[in-house]
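First up is the structure itself, then whatever we jot down about it.
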Amino acid sequence: MALPAATRGAAGLGLCRIAASASSSPPSSSAPPAGGRRRERDRELPFGLAERGMVVGGHRGMGMNAVGAPPGARVGAARERENTLLSFGRAAAHSAVAFVEFDVQVTKDGCPIIFHDDFILTQRTGAVYERRVTDLLLEDFLSYGTQKKSRKVSKPLFRRTTGDGRVLNWSTEEDDPLCTLQEVFELVSPRLGFNIELKFDDHIIYHRKDLEYALQAILQVVFQCARNRPVFFSSFHPDAARMMRELQSLYPVLFLTEGGTSKHHDSRRNSLGSAIQVCLEYDLHGIVSEVRGVLKNPAAIVSAQDSNLALLTYGQLNNVWEAVYVQYLMGINGVIVDRVEEISNAVEGFSKAELNRSVVVVDGAKHQAFSQQQLGFLLRLIPELIEQPH
């Protein structure tokens with residue numbers, strides 16, 4: 001299936017050269033072995049997770065922006081605009097951060113771009129105006145928010161709050177232009193790993209050709225730009241995850257799940273047990289679960305380990321170092337966090353605590369490591385903790 005050539009305006013921007021000149025399929029070396037199912041040795045865990053301790057990933061860079069979050073909230077604390085070169089670059093400056101997670105969608109003219117929401121909002125003559133991101137041409141998408149060239153007119157960015165759906169001005173302390181996947185590969189330190197979330201709208205039923213169109217466009221950029229950078233893919237869409245695994249075998253593919261903390265019409269997304277079955281059936285490399293789902297079902301950690309599956313978590317509890325420490329002791333492979341500096345420093349302290357078995361260092365302060373009795377208390381407390389709003 002051939003990718004469409006970029007429009008004249010997008011090609012002139014020079015920001016999506018790869019998508020504009022892409023061939024119809026990824027390199028043949030990426031294809032799976034003949035005979036269908038891959039050999040177990042081909043299913044290597046990302047970042048050598050089988051041999052390493054817990055790794056830390058920055059959520060959308062240095063953390064997500066929660067529009068309308070109260071001052072001091074654990075989520076929304078990032079001062080940089082999420083999913084931007086500025087945010088990724090600052091995460092890369094922290095040696096304890098192994099990777100950043102970011103959301104990739106594909107524009108109407110075939111360019112993979114970095115943006116989380118399904119719709120992008122602006123204001124015209126006092127009224128809110130929204131467009132589906134995947135309906136935009138690249139040049140249109142890049143016209144939102146701050147611009148690289150000051151003489152360019154930009155559209156102001158607005159965003160809906162996650163709680164009550166109010167539309168508010170999406171302002172951050174430090175802004176940065178929207179960007180493409182190609183720019184992120186070319187301009188962010190190559191030592192920083194990328195967790196590329198394959199973003200699809202939960203309210204749309206995608207045909208195989210639609211999924212393949214987007215995945216092929218993303219793969220063209222990854223194959224030509226990744227070089228030796230650690231990369232893995234993840235997706236809430238089980239069929240997109242399966243297809244990405246079928247299209248290539250160079251990069252691990254993980255299944256994103258709410259882990260039973262919310263209900264979805266697709267039963268494959270409604271429990272950790274289902275997520276493990278999805279991974280085994282589709283030969284995926286692991287799971288990225290909402291942290292509350294794991295803490296509610298710690299037996300799933302053993303099941304994942306027995307199946308040679310990586311297990312990472314995301315969610316607001318990952319911004320609480322004590323909750324991350326419990327996961328560290330339980331054998332979770334990695335955490336995706338918003339408070340990047342605080343939690344990455346804490347996780348560094350966990351490994352030091354393993355050496356002396358007595359002290360954990362968090363933000364330069366020393367804390368006594370948990371005893372078995374204290375850990376037992378925390379595990380009993382967790383079911384109550386995860387039911388509380390954060």
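No experiment lies behind these values; they were computed from the predicted model shown. Computed over heavy atoms, backbone and side chain alike; hydrogens, waters and symmetry mates excluded.
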* For D118 and V133, indicate whether the former's side chain and the latter's backbone hold a donor-acceptor pair under 3.5 Å. => no
* salt bridge (Lys or Arg N to Asp or Glu O under 4.0 Å): which pairs involve residues 267-279, sequence neighbours left out? -> D202-R269, D239-R268, E258-R269, D266-R268
* Cation-pi check, R245 onto Y282 ring (under 6.0 Å, within 45° of axis) -> no
* Asked: Is R339 positioned over the aromatic face of W321, cation under 6.0 angstrom from the ring centre and no more than 45 degrees off axis?
  -> no
* Give a yes or no on whether the backbone of R292 and the side-chain of E290 come within a donor-acceptor separation of less than 3.5 Å. => yes
* Should the ring pair W170 and F115 be called parallel, tilted or perpendicular, given that the plane angle runs from 0 to 90° and is split at 30 and 60? -> tilted
* Kindly assign one of parallel, tilted or perpendicular to the pair Y206 and H237, based on the angle between their ring planes and the thresholds 30° and 60°. => perpendicular
* S87 vs T84, side-chain hydrogen bond (donor to acceptor under 3.5 Å, both in side chains): CA-CA, chis, key distance, verdict -> CA-CA 5 Å; S87 191; T84 59; 4.8 Å; no
* Asked: For the atom pair CG (N169) and OG1 (T122), what is the distance rounded to the nearest 0.5 Å?
  -> 9.5 Å
* To do: Please confirm whether the backbone N or O of L254 pairs with a side-chain atom of H285, one donor and one acceptor, at under 3.5 Å?
  => no
* For V337, does its backbone N or O pair with a side-chain atom of N318 as donor and acceptor, under 3.5 Å? -> no
* Asked: Taking the side chain from S154 and the backbone from G145, do they hold a donor-acceptor pair closer than 3.5 Å?
  -> yes
* **Heavy-atom donor-acceptor pair, N333 side chain to A310 backbone, under 3.5 Å** => no
* Asked: What class does the angle between the rings of F102 and F88 fall in, given that below 30° is parallel, 30 to 60° is tilted and above 60° is perpendicular?
  -> tilted
* Can you tell me if Y213 uses its side chain to pair, donor with acceptor, with the backbone of G110 under 3.5 Å? -> yes
* R131 side chain to D140 backbone, donor-acceptor under 3.5 Å -> no
* **E342 side-chain N/O to V340 backbone N/O, donor-acceptor pair under 3.5 Å** => no
* Indicate if F158 and V67 have the same hydrophobic cluster label, given that clusters are the connected sets of ILVMFWY residues with side-chain heavy-atom separations under 4.5 angstrom. => no
* Asked: Hey, is the main chain of A304 close enough, under 3.5 Å, to the side chain of S307 for a donor-acceptor pair?
  -> no
